[in-house]
Amino acid sequence: PHLAFNSLVGAEVLQTERTMNLSAAALALLLSASTAGAFHTGGCVRPALLARPSAPSRPSSAVRFASSSSSSDEEEEKPENPYADPNYPDLEFVNYDDPGYVVDQGIVGDEFFPTDAEAKSAEERAAAVDADGDGEGEGDVEAQIEEMREDRRRKNDEYQFETYHERVLKNGDEEYRGEWTLYRTSTFLPSEDGAGAGAAADENGLPRLVKARKTLRVVSSGRKIAVETDSDFRVDGERIVHEETVARSPSSEEEGTAPTTDEELFVAEILSNKYWPDRMSSGDFRGPQGIMCVGNAYTICDAVPLSADGDDEHEHEQHEGPFAEYRAEVGIQYKRMRMRVKLDYRAKEEDNEDEDEDDDGPSSVHPPLYLRSMAVCRETTERWPRHEEGRTDVDDATSARLFGPPGAPGGLYDPPPVVGDDDEQAGRYMMVDLEGGATLLFPHRMEQDPGAFGGNGWVTSLDWTPGRIRYQVDRKVMGGYGIKGLRSLELSEVQGQDASEYRPNDGGEDMRQ
């Protein structure tokens with residue numbers, strides 16, 4: 001078994017102590033560092049490294065240059081690094097397993113936007129002149145280092161952008177034909193006894209999933225379009241657009257017929273929801289947008305701010321909550337098949353009212369997000385996925401893999417921890433077995449209060465065995481107002497027949513690390 005991680009960590013990120021000066025040769029060495037793609041580890045069930053976001057690929061290692069000091073007595077003693085190479089004492093490999101390592105992770109608020117005191121100090125250093133009088137201050141060196149970091153982030157943006165277009169959208173040359181199974185939650189449905197929306201829950205207090213009577217047949221595709229730009233970076237002049245349309249038979253009603261019944265209105269709502277920016281750019285793959293791909297898995301996301309300020313055009317660019325609507329999609333593809341799940345969350349209207357009233361609860365300031373609907377999409381290219389007698393445009397070979405017995409064998413292969421300081425956060429989750437041998441874990445309610453559950457994030461996991469290999473993708477996001485941003489996207493792969501033997505038993509990786 002092995003795992004594939006794609007964090008948003010910059011490839012071979014370089015940092016420097018503030019007291020150092022870099023020579024031209026050192027700068028050339030920094031510029032020659034190569035970028036990295038998805039990170040795979042073999043021979044173990046869980047690696048020691050946990051992906052953290054800042055740029056869209058996981059490096060195998062990162063280096064930094066230790067600073068030189070004019071006096072050895074002034075140098076602080078550093079603990080011995082087991083990864084250091086004795087032949088190169090000036091180089092040190094950064095241990096990404098260290099939970100205290102946050103540089104270039106994109107999770108420190110003032111990492112790229114220093115405080116006023118730090119900015120003033122940087123300006124003073126930049127204005128300083130070296131002892132040899134060449135006019136090059138230390139601030140200039142730091143600016144060059146940051147410029148190189150940004151260059152690597154841009155290259156990683158391009159890698160993610162191109163990988164998504166090639167693998168997920170098949171270079172825009174193919175369409176997915178899929179059957180969508182739709183669910184609504186009882187949270188937004190009126191109860192039979194007239195007690196109001198959300199009153200009808202199960203014996204455990206969890207919302208019920210109400211399955212729609214009919215499935216949708218949808219054709220999905222995506223392609224690149226060109227946009228005007230002054231940038232020299234090629235992908236800045238490209239955007240990805242998505243399209244999803246219902247396939248209608250010749251005998252069906254005309255497409256222009258307005259929906260009338262409650263279920264028709266629900267279907268129209270599902271089709272109108274957007275789970276991606278209208279025009280997806282390479283910069284959307286950095287993490288705050290909640291979009292990333294790794295191996296043959298991917299995730300996309302979009303959200304509507306609680307206070308949009310009337311700027312509809314740039315709503316998707318706001319990555320900090322609280323949000324009134326939140327939609328995420330996670331999917332796994334295998335050869336010509338794809339299984340993906342769309343989750344639509346909404347804040348209740350009553351939670352947004354009376355914001356000016358004195359309220360001890362957090363609902364009026366940062367209302368929780370409740371699951372409103374879910375769509376399970378089973379798709380194939382070229383043909384429709386489900387077997388039907390007498391039809392030649394149906395892929396018989398994939399019918400069992402997409403519509404076979406429900407549930408992954410033994411449940412999730414590697415269940416993530418969903419418990420905070422108590423069991424209350426675990427009660428926010430649901431697990432559902434899906435046809436086709438898949439299992440889905442997801443939160444039915446997500447808190448946007450920054451102080452809820454100690455700031456823990458949230459995770460959505462999809463486990464599916466479409467062939468010889470069993471896959472599990474874990475979409476881990478931040479907590480509080482950063483709920484749109486990814487912590488990591490993790491893909492586990494194991495031989496299906498060996499999954500029970502190599503099942504992890506460490507209780508999962510602690511998200512709080």
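Quantities reported herein were computed from a predicted structural model and do not represent experimental measurements. Side chains included, hydrogens not; waters and symmetry mates left out as well; all remaining heavy atoms used.
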Q: Answer yes when Arg340 and Glu244 have at least one side-chain N-carboxylate O distance shorter than 4.0 Å, and no when they do not.
A: yes
Q: Given the rule in the side chain to side chain contact (heavy atoms under 4.5 Å, CB included) test, do Val168 and Thr163 qualify, once you have shown the distances and angles that lead to the verdict?
A: CA-CA 8 Å; Val168 179; Thr163 300; over 6 Å; no
Q: So do Thr215 and Leu182 actually touch side chain to side chain, heavy atoms under 4.5 Å?
A: no
Q: Could you tell me whether Lys155 and Glu158 have a side-chain N and a carboxylate O separated by less than 4.0 Å?
A: no
Q: Charged N to carboxylate O under 4.0 angstrom, Arg327 versus Asp302?
A: no
Q: Is a side-chain donor or acceptor of Gln472 paired with a backbone partner of Ser461 at a separation under 3.5 angstrom?
A: no
Q: Taking the six-membered ring of Phe233, is the NZ or CZ of Arg154 close enough (under 6.0 Å from the centre) and on axis enough (within 45°)?
A: yes
Q: Is it true that the side chains of Ser282 and Arg234 contain a donor and an acceptor less than 3.5 Å apart?
A: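 No donor-acceptor contact under 3.5 Å links the two side chains.
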Q: Say whether, by atom type as modelled, one donor and one acceptor occur between the side chain of Asn171 and the main chain of Asp173 under 3.5 angstrom.
A: no
Q: Nearest heavy-atom pair of Pro367 and Pro322: which atoms, and what distance?
A: CD-CB, 4.5 Å
Q: Can Lys476 and Glu490 be counted as an ion pair, charged N to O under 4.0 angstrom?
A: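 Counted as a salt bridge, because a side-chain N and a carboxylate O are separated by less than 4.0 Å.
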Q: Does a side-chain heavy-atom distance below 4.5 Å link Ser488 with Asp474?
A: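 Result no, sub-4.5 Å side-chain heavy-atom pair not found.
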Q: Holding to side chain to side chain donor-acceptor pair (under 3.5 Å), I want the full list of residues that pass it with Ser231, two or more places apart in sequence or in another chain.
A: Asp236
Q: Apply side chain to side chain donor-acceptor pair (under 3.5 Å) to Arg184 and list each qualifying residue two or more places apart in sequence or on a separate chain.
A: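 Checked Arg184 against side chain to side chain donor-acceptor pair (under 3.5 Å); matches are Asp262.
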Q: Below 4.5 Å, heavy atoms only, C-beta onward: do Thr245 and Val218 meet side chain to side chain?
A: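 No, side chains not in contact.
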Q: Sub-3.5 Å donor-acceptor pair from the side chain of Asn296 to the main-chain atoms of Gln333, do we have one?
A: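 Yes; at least one donor-acceptor contact below 3.5 Å.
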Q: Thinking salt bridges, do Arg378 and Glu179 make one under a 4.0 Å N-O criterion?
A: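 So Arg378 does not pair with Glu179 through a salt bridge.
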Q: Verify, without hydrogens or angle tests, whether Trp458 (side chain) and Pro443 (backbone) share a donor-acceptor contact under 3.5 angstrom.
A: no
Q: Is it true that Tyr164 and Phe285 have ring centroids separated by less than 6.0 Å?
A: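 For Tyr164 and Phe285, the ring centres are under 6.0 Å apart.
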Q: A cation-pi test, strictly: NZ or CZ of Arg503 under 6.0 Å from the centre of the six-membered ring of Tyr413 and no more than 45 degrees from its axis. Yes or no?
A: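 No.
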Q: Over all heavy atoms of both residues, which pair between His319 and Lys484 is shortest? Give the atoms and the distance, please.
A: ND1-NZ, 3.4 Å
Q: Are the side chains of Pro416 and Leu441 in contact, using a 4.5 Å heavy-atom criterion?
A: yes
Q: For the pair Val477 and Val459, evaluate side chain to side chain contact (heavy atoms under 4.5 Å, CB included) and give the outcome as yes or no after the intermediate values.
A: CA-CA 6 Å; Val477 299; Val459 59; over 6 Å; no
Q: Taking the side chain from Gln289 and the backbone from Gly485, do they hold a donor-acceptor pair closer than 3.5 Å?
A: no
Q: Is any side-chain heavy atom of Glu379 less than 4.5 Å from a side-chain heavy atom of Ser220?
A: yes
Q: Using a strict 4.0 Å threshold on nitrogen-to-oxygen distance, state whether Arg445 and Glu447 make a salt bridge.
A: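 A salt bridge is present here (some side-chain N lies under 4.0 Å from a carboxylate O).
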Q: Salt-bridged, Glu147 to Arg152, with N to O below 4.0 Å?
A: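 Salt bridge absent between Glu147 and Arg152.
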Q: Between the side chains of Asp433 and Thr439, does any donor sit under 3.5 Å from an acceptor?
A: yes
Q: For a side-chain hydrogen bond (donor to acceptor under 3.5 Å, both in side chains) check, start with the C-alpha distance between Arg475 and Thr299, then their side-chain angles and the critical distance, and finish with the verdict.
A: CA-CA 7 Å; Arg475 180 184 193 272; Thr299 186; 2.6 Å; yes
Q: Using modelled atom types only, decide if a donor and an acceptor are shared between the side chain of Tyr502 and the backbone of Gln495 within a distance under 3.5 Å.
A: no
Q: Between Glu269 and Arg372, does at least one N-O distance fall below 4.0 Å, as a salt bridge requires?
A: yes
Q: How many angstroms lie between atom CD of Glu329 and atom CG of Leu462, to the nearest 0.5 angstrom?
A: 11.0 Å
Q: Considering only NZ, NE, NH1 and NH2 on the basic side and carboxylate oxygens on the acidic side, decide whether Arg286 and Glu150 come within less than 4.0 Å.
A: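 Between Glu150 and Arg286 there is a salt bridge, with a charged N closer than 4.0 Å to a carboxylate O.
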Q: So that I can tick it off, tell me whether Asp344 and Arg346 are bridged by a salt bridge, with the cut-off set at under 4.0 angstrom between side-chain N and carboxylate O.
A: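 Looking at Asp344 together with Arg346, the answer is yes, because their closest N to O distance falls below 4.0 Å.
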Q: Is any side-chain heavy atom of Tyr176 closer than 4.5 Å to one of Thr381?
A: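 Side-chain contact under 4.5 Å: yes.
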Q: Do Glu435 and Val376 pass the side chain to side chain contact (heavy atoms under 4.5 Å, CB included) test, and can you show the C-alpha distance, the side-chain angles, and the key distance before you say yes or no?
A: CA-CA 10 Å; Glu435 289 183 352; Val376 181; over 6 Å; no
Q: How far apart are the closest heavy atoms of Pro466 and Met337, and which atoms are they?
A: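 Reported closest heavy-atom pair: O-CE, 3.7 Å.
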Q: Which heavy-atom pair separates Leu369 from Ala324 by the least distance, and what is that distance?
A: CD2-O, 4.1 Å
Q: I'd like to know if Glu493 pairs up with Arg470 as an ion pair, taking the criterion as any Lys NZ or Arg NE/NH1/NH2 lying under 4.0 Å from an Asp or Glu carboxylate oxygen.
A: no
Q: Working to the nearest 0.5 angstrom, can you tell me the gap between Leu440 CG and Met374 CE?
A: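 If I round to the nearest 0.5 Å, the distance is 6.0 Å.
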Q: Measure the CH2-CG distance between Trp276 and Asp284 for me, rounded to the nearest 0.5 Å.
A: 13.5 Å
Q: Do Arg153 and Glu146 meet the salt-bridge criterion of a basic N to acidic O distance under 4.0 Å?
A: yes
Q: With heavy-atom distances below 4.5 Å as the criterion, would you say the side chains of Trp180 and Ile270 are in contact?
A: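 In short, these two side chains touch, coming nearer than 4.5 Å.
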Q: Can you classify the ring geometry of Tyr471 versus Tyr334 as parallel (below 30°), tilted (30 to 60°) or perpendicular (above 60°)?
A: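 Judged by the thresholds at 30° and 60°, the geometry between Tyr471 and Tyr334 is tilted.
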Q: Between Tyr326 and Val304, does a side chain to side chain contact (heavy atoms under 4.5 Å, CB included) hold up when you go through it step by step?
A: CA-CA 6 Å; Tyr326 180 98; Val304 177; over 6 Å; no
Q: For Ala212 and Phe266, work out which heavy atoms get closest and say how close.
A: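 The answer is CB-CE2, 4.5 Å.
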Q: In Å and rounded to the nearest 0.5 Å, what is the CG to CD1 distance from Asp140 to Ile145?
A: 12.0 Å
Q: Can you see which heavy atom on Val235 is nearest to which on Phe161, and at what distance?
A: CG1-CD2, 4.1 Å
Q: Nearest 0.5 Å, what's the CZ-OG1 distance between Phe442 and Thr460?
A: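 Spacing of CZ (Phe442) from OG1 (Thr460) equals 8.5 Å.
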Q: Between Phe323 and Gln448, is there a side-chain heavy-atom distance shorter than 4.5 Å?
A: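 In short, these two side chains touch, coming nearer than 4.5 Å.
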Q: Could you state the interatomic distance from CD1 (Ile240) to CD1 (Ile225), rounded to the nearest 0.5 Å?
A: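 So the CD1 of Ile240 and the CD1 of Ile225 are separated by 10.0 Å.
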